[in-house]
Novice: 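Got a structure here, written out as structure tokens. Questions coming.
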Amino acid sequence: MSKSEIEQLRGLVIERVDMSREPDDSELHEIIDSVIEKNQDYRYMSIKKRQIIHKKIYSSIRGLGIIEELLEEPDITEIMINGPNNIFVEKKGRINKIDERFESENRLNDIIQQIVAKTNRRVNELNPIVDTRLEDGSRVNVILPPIALEGPIVTIRKFSKRGITIDDMISWGTISKEAADFLKMAVMAGYNIFVSGGTGSGKTTFLNVLSNFIPKDERIVTIEDSAELKLDSVDNIVRMETRQANSQGENVISIRDLIKASLRARPDRIIVGEVRGGETLDMLQAMNTGHDGSMSTGHGNSPSDMMTRLETMVLMGIDMPLAAIRAQIATAIDIHLGRMRDKTRKVLEINEVVGIRNGQIELNRLYVFKEEPESDKNKVVGQLERTENPLINRQKLERKGLA
């Protein structure tokens with residue numbers, strides 16, 4: 001059955017729906033079944049084909065249409081919509097355009113409003129940019145005209161329905177077994193951990209994996225722009241999410257506000273999904289005032305670049321001497337992720353932030369990814385190797401009996 005025929009069936013269903021009230025799901029399913037049965041091709045349809053058509057009609061009315069179908073494909077990791085006629089997907093690290101399109105820009109706008117409404121967010125011409133999430137935790141970014149010149153832009157980063165584990169990452173070659181064991185001990189011992197990397201390098205996913213090593217008897221507070229973290233290993237967890245300003249530009253609640261509020265919620269650890277600005281100072285102060293084992297992520301091209309960016313982000317929120325900022329930063333483990341030329345994601349470096357030397361933050365490189373000679377442009381071969389540098393700050397390991 002062609003797309004136009006399915007659209008005709010969808011129109012017949014809408015004609016039969018009582019628009020004076022919102023029909024419940026069971027009623028809508030009955031109407032769809034009735035319309036399909038009256039179709040002249042019904043007698044030649046298999047049960048499976050009938051179910052597919054039913055699902056397409058239902059999702060186009062009540063669900064997310066094309067987006068819903070793409071979300072169900074397990075190989076797709078990212079969905080990129082550039083207006084109603086241009087849809088791209090990422091599969092196994094590679095981006096391709098698909099043949100599907102939305103029937104109109106109005107339909108795409110309806111779906112966008114449906115998505116943002118579920119998280120009590122708003123997006124319109126006055127506030128044309130929003131970050132939100134789907135019910136399964138997938139990250140959504142929306143940019144509307146007039147900012148977007150060729151129609152609404154929607155970018156969806158899909159989250160795996162099955163939680164990724166450290167064993168998965170070891171089997172994929174993302175991290176070595178030895179480095180994974182070291183990070184497990186570092187999390188258990190309460191080292192502050194910062195995950196850095198470029199866009200799409202897997203920072204949030206890695207943060208989720210590390211959270212599985214947090215002892216079960218601790219109280220955790222997570223703070224995010226849009227709630228994505230899934231900490232299944234901890235029972236005592238408080239999840240917080242920022243709030244946009246209302247239509248009058250009031251009542252905004254920022255990450256900074258949430259970090260300050262979290263300090264009164266008696267957390268053992270604070271996990272900030274990502275720092276981008278002045279909230280960096282609040283995060284660093286939380287890490288250094290009795291909340292050992294706190295974690296966060298940030299965009300950086302290298303570990304040293306990330307340290308410089310942290311300094312810059314602190315200065316966005318407050319004017320203070322660089323020496324004082326560096327002293328706040330200089331107590332953590334930095335894990336740097338990267339996306340290789342063959343589209344795989346790997347841990348490229350693990351560094352210990354050991355202090356200040358000659359006025360600069362000093363990094364102690366513990367693990368580094370080394371390529372093998374057989375690597376080529378299509379496949380990266382190599383592994384994360386331990387350097388000869390010993391871990392300098394061992395006190396936390398010793399206190400936990402993990403040294």
Novice: With the threshold set at 4.0 Å, does a side-chain nitrogen-carboxylate oxygen contact exist between R266 and D268?
Specialist: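 Between D268 and R266 there is a salt bridge, with a charged N closer than 4.0 Å to a carboxylate O.
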Novice: Against L366, only a single residue in N364, L363, V368 fulfils side chain to side chain contact (heavy atoms under 4.5 Å, CB included); can you say which?
Specialist: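 Filter result, single survivor: N364.
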Novice: Tell me, please, which residues at least two apart from V234 pass side-chain contact (heavy atoms from CB on, under 4.5 Å).
Specialist: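 For V234, the residues satisfying side-chain contact (heavy atoms from CB on, under 4.5 Å) (neighbours in sequence not counted) are I214, I220.
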Novice: Run the salt-bridge test on D75 and K91 with the 4.0 Å N-O cut-off and return the result as yes or no.
Specialist: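 K91 and D75: not salt-bridged.
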Novice: Do M169 and F206 pass the side chain to side chain contact (heavy atoms under 4.5 Å, CB included) test, and can you show the C-alpha distance, the side-chain angles, and the key distance before you say yes or no?
Specialist: CA-CA 9 Å; M169 291 191 159; F206 204 86; 3.5 Å; yes
Novice: Any donor-acceptor pair under 3.5 Å linking the side-chain atoms of N82 with those of E150?
Specialist: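 Judged by distance alone, the side chains do not pair up.
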Novice: Please report the closest heavy-atom contact between T280 and G277, naming both atoms and the distance.
Specialist: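 Closest approach of T280 to G277: OG1-O, 2.7 Å.
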Novice: Applying the side chain to side chain contact (heavy atoms under 4.5 Å, CB included) criterion to D282, which one of I270, I259, V314 satisfies it?
Specialist: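 Considering I270, I259, V314, a side chain to side chain contact (heavy atoms under 4.5 Å, CB included) with D282 is found only for I259.
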Novice: Name the one of D225, T119, N141 that satisfies side-chain hydrogen bond (donor to acceptor under 3.5 Å, both in side chains) with T132?
Specialist: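 Result for side-chain hydrogen bond (donor to acceptor under 3.5 Å, both in side chains) with T132: T119.
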Novice: Please name the pair of heavy atoms, one in R239 and one in T222, separated by the smallest distance, quoted to 0.1 Å.
Specialist: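 Scanning both residues completely, I find the closest heavy atoms to be CA-OG1, 3.4 Å.
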Novice: With a 4.0 Å cut-off, would you call E90 and K343 a salt bridge?
Specialist: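 No, this pair does not count.
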Novice: Could you tell me if D168 and T165 have a donor-acceptor pair between their side chains, going purely by distance under 3.5 Å?
Specialist: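 Present: a donor and an acceptor within the cut-off.
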Novice: Which pair of non-hydrogen atoms, one from D376 and one from R341, has the smallest distance, and what is that distance?
Specialist: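 Looks like O-NE, 3.0 Å.
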Novice: Table please: side-chain donor-acceptor pairs of residues 392-403 below 3.5 Å, with sequence neighbours left out.
Specialist:
| unit_1 | atom_1 | unit_2 | atom_2 | d |
| --- | --- | --- | --- | --- |
| N393 | ND2 | E352 | OE2 | 3.2 |
| R394 | NH2 | A403 | O | 3.2 |
| K396 | NZ | G190 | O | 3.0 |

Novice: Using a strict threshold of under 4.0 Å (side-chain N to carboxylate O), is an ion pair present between E224 and R133?
Specialist: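 Salt bridge absent between R133 and E224.
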Novice: A quick test of your reading: do over 12 heavy atoms of other residues, nucleotides or ligands sit less than 6.0 Å from NZ of K230?
Specialist: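 Yes - once you tally the heavy atoms of other residues, nucleotides and ligands closer than 6.0 Å, there are more than 12.
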Novice: Check this for me, if you would: do K203 and E274 make a salt bridge, where the nitrogen-to-carboxylate-oxygen distance has to be below 4.0 angstrom?
Specialist: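 Looking at K203 and E274, the cut-off is not met.
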Novice: Assess, by modelled atom type and distance only, whether the side chains of D342 and N378 contain a donor and an acceptor separated by less than 3.5 Å.
Specialist: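 The criterion, which ignores hydrogens and geometry beyond distance, is not satisfied for N378 and D342.
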Novice: Ignoring hydrogens, what is the shortest heavy-atom contact between L348 and G338? Give both atom names and the distance.
Specialist: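 In terms of heavy atoms, the two residues are closest at CD1-CA, 3.7 Å.
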Novice: Give the minimum heavy-atom separation between A179 and I350, together with the two atoms involved.
Specialist: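 Closest heavy-atom pair between A179 and I350: CB-CD1, 3.9 Å.
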Novice: Side chains of Q360 and N358 only: does a donor on one sit below 3.5 Å from an acceptor on the other?
Specialist: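 Checked: Q360/N358 side chains show no N/O donor-acceptor pair below 3.5 Å.
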Novice: Name all residues meeting the side-chain contact (heavy atoms from CB on, under 4.5 Å) criterion together with E178; count only those two or more places apart in sequence or in a different chain, and write none if there are none.
Specialist: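 For E178, the residues satisfying side-chain contact (heavy atoms from CB on, under 4.5 Å) (neighbours in sequence not counted) are S176, Y367, R386.
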Novice: With side-chain hydrogen bond (donor to acceptor under 3.5 Å, both in side chains) as the criterion, how do S138 and D136 come out once you've worked through the C-alpha distance, each side chain's angles and the decisive distance to 0.1 Å?
Specialist: CA-CA 6 Å; S138 295; D136 65 356; 2.9 Å; yes
Novice: Atom CD of residue position E372 - does it have more than 12 heavy atoms of other residues, nucleotides or ligands inside 6.0 Å?
Specialist: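 Enclosed: over 12 neighbouring heavy atoms sit under 6.0 Å from CD of E372.
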Novice: CD of E374: more than 12 outside heavy atoms within 6.0 angstrom?
Specialist: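 Yes, the 6.0 Å shell around CD holds more than 12 heavy atoms from other groups.
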Novice: How close do L391 and I333 get, heavy atom to heavy atom, and via which atoms?
Specialist: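 Here L391 and I333 meet closest at CD1-CD1, 4.4 Å.
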Novice: Regarding T204 and R157, do their side chains bring together a donor and an acceptor under 3.5 Å, going by distance alone?
Specialist: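 On atom types as modelled, these side chains do not qualify, holding no pair under 3.5 Å.
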Novice: Is a side-chain donor-acceptor pair under 3.5 Å present for D257 with S254?
Specialist: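 Yes, a side-chain donor-acceptor pair sits under 3.5 Å.
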